[in-house]
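All of these numbers come straight from a predicted model, not from anything done at the bench.
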Amino acid sequence: MILYVLIVLVATMIGAITGLGGGVIIKPLFDAIGLDGPTTISFYSSVAVFTMCLVTIYKQMVRGFVFKWRLLSSISVGSILGGLLGDRLFAFAVAQLHARQVSLIQASLLFATLLIILLYTLMKPRLRSYHLDNPVMVFMVGLFLGALSVFLGIGGGPLNVALLMWLFSLSMKEAAAYSIATIFFSQLSNLATTVFTRTFLSYPLTIVPFLMLAAVLGAFLGTLLNQKMTEKTVERCYIGLMLVLVCLSVFNIFQNL
């Protein structure tokens with residue numbers, strides 16, 4: 001319990017700083033520890049990430065961050081439906097495959113996603129960015145982000161930030177704020193499904209309140225640091241974390257072979 005709580009605290013703090021959400025750290029680290037199966041880990045990750053997003057969005061708005069509501073609403077509706085789709089895909093994979101096979105698929109997809117995102121971030125100054133404004137296209141982006149984030153159990157942060165900078169020409173800090181909002185809605189749909197189907201009753205719930213408290217504290221500290229950091233510092237934290245997570249994903253792939 002102490003180990004899980006410490007991981008959630010650090011992960012949500014870093015997630016709030018960079019817009020990664022924290023799940024991308026929690027999921028592979030919990031996998032590497034190997035104490036629980038993929039469904040339990042995904043549930044714990046979703047609870048922690050959802051709590052962190054709620055606190056972070058509140059803190060950002062109190063501090064004066066103004067969302068473009070047309071953009072946020074289109075991408076969030078897509079993210080909610082994508083979250084439901086990702087949850088169904090994950091349930092199908094769990095029903096058809098062994099737990100180690102599911103973890104291997106998740107680790108492999110996460111490695112590929114992180115590597116592509118890292119390469120994009122390093123080459124970003126030489127790449128053209130866009131100002132996507134079509135509501136249907138924005139919805140499709142949200143659908144893709146929500147489905148992938150829930151299926152992988154990571155909250156989707158790294159992919160969110162990269163796509164938001166590339167497709168909507170947002171700054172690093174702006175992309176981080178919108179990423180957190182998008183993650184919030186995808187995890188909301190995921191957890192709502194878990195509650196309505198009562199599948200949460202099959203997980204050990206004793207640790208959940210402690211994970212939520214750690215996520216609240218991590219979100220508070222991370223948002224505070226984000227608002228004090230420069231764009232360059234936030235981007236350096238983001239790239240450094242990507243490198244660590246790529247290595248961790250490789251470890252998890254070999255662990256589940």
Side-chain angles (χ1 to χ4, degrees), residues 7-29 45 48-49 52-53 55-57 59-60 63 65 67 71 75 79 107 109-130 141-142 144-146 148-149 152-184 186-187 215 218-252:
I7 288 172
V8 167
L9 175 62
V10 174
T12 51
M13 183 172 67
I14 295 173
I17 292 172
T18 59
L20 299 182
V24 72
I25 306 170
I26 296 168
K27 176 68 171 62
L29 279 178
S45 178
V49 169
M52 185 277 297
C53 289
V55 175
T56 302
I57 291 169
K59 290 289 295 178
Q60 288 281 14
R63 292 277 181 168
F65 185 86
F67 287 101
L71 169 61
I75 203 167
S79 186
L109 284 174
L110 181 58
F111 168 74
T113 302
L114 291 173
L115 190 60
I116 292 169
I117 292 167
L118 179 60
L119 292 173
Y120 163 76
T121 307
L122 294 173
M123 297 173 63
K124 182 164 60 74
R126 298 191 292 274
L127 297 175
R128 177 188 173 188
S129 61
Y130 298 88
V141 171
F144 171 70
L145 291 175
L148 186 63
S149 67
L152 294 181
I154 61 169
L159 189 57
N160 289 4
V161 172
L163 280 181
L164 286 165
M165 289 192 293
W166 180 45
L167 296 177
F168 303 101
S169 297
L170 299 178
S171 69
M172 187 72 192
K173 282 194 172 185
E174 288 174 329
Y178 279 96
S179 171
I180 294 295
T182 304
I183 293 166
F184 169 80
S186 66
Q187 294 303 321
F220 180 82
L221 294 173
T223 306
L224 194 65
L225 290 170
N226 173 276
Q227 291 162 350
K228 292 182 179 296
M229 288 178 175
T230 64
E231 289 277 343
K232 199 69 179 175
T233 304
V234 173
E235 187 166 334
R236 283 172 181 164
C237 290
Y238 178 84
I239 292 172
L241 184 58
M242 288 295 99
L243 287 169
V244 173
L245 291 172
V246 166
C247 295
L248 184 57
S249 297
V250 172
F251 172 79
N252 284 331

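- Between Phe111 atom CZ and Ile116 atom CD1 the span is 10.0 Å, to the nearest 0.5 Å.
- Using a distance-only test at 3.5 Å, with no hydrogens or angles considered, no donor-acceptor pair links the side chain of Trp166 to the main chain of Val161.
- Scanning both residues, Ile17 and Val234, for their nearest heavy atoms gives O-CG1, 3.7 Å.
- With hydrogens and angles disregarded, no donor-acceptor distance shorter than 3.5 Å links the side chain of Ser79 to the backbone of Ile75.
- We find the CG-CG distance between Leu71 and Leu167 to be 10.5 Å, quoted to the nearest 0.5 Å.
- The two residues Gly218 and Ala16 have their closest heavy-atom pair at O-CB, 4.5 Å.
- Nearest heavy-atom pair, Leu114 versus Met242, reported as atom, atom and distance to 0.1 Å: CD2-SD, 3.8 Å.
- In this structure, CZ on Phe65 lies 12.5 Å from OG1 on Thr56, to the nearest 0.5 angstrom.
- Side chain of Lys173 to main chain of Asn226: a donor-acceptor pair is present (N/O by atom type, distance under 3.5 Å, no hydrogens or angles).
- Residue Ala48 comes nearest to Ala215 through the heavy atom pair O-CB, 3.3 Å, listed as atom of the first residue, atom of the second, then distance.
- Under the 4.5 Å side-chain criterion, counting only non-hydrogen atoms from C-beta, Met165 is in contact with Tyr120.
- Of the candidates Phe67, Phe184, Phe168, Phe67 is the only one forming a ring-ring contact (aromatic ring centres under 6.0 Å, His included) with Tyr178.
- At most 12 non-hydrogen atoms from other residues, nucleotides or ligands lie less than 6.0 angstrom from CZ of Phe220.
- Of all heavy-atom pairs spanning Asn160 and Ser179, the tightest one is CB-OG, 3.2 Å.
- Summarising the geometry, atom CG belonging to Leu248 is positioned 10.0 Å from atom CD1 belonging to Ile25; distances are rounded to the nearest 0.5 Å.
- In this structure a side-chain-to-backbone donor-acceptor pair under 3.5 Å is missing from Ser249 to Leu110.
- Scanning all heavy atoms of the two residues, the minimum distance from Ile26 to Ala11 falls at CG1-CB, 3.6 Å.
- Remark: the backbone N or O of Met172 is paired with a side-chain donor or acceptor of Glu231 at under 3.5 angstrom.
- The line from CE of Met13 to OG1 of Thr223 is 11.0 Å long, rounded to the nearest 0.5 Å.
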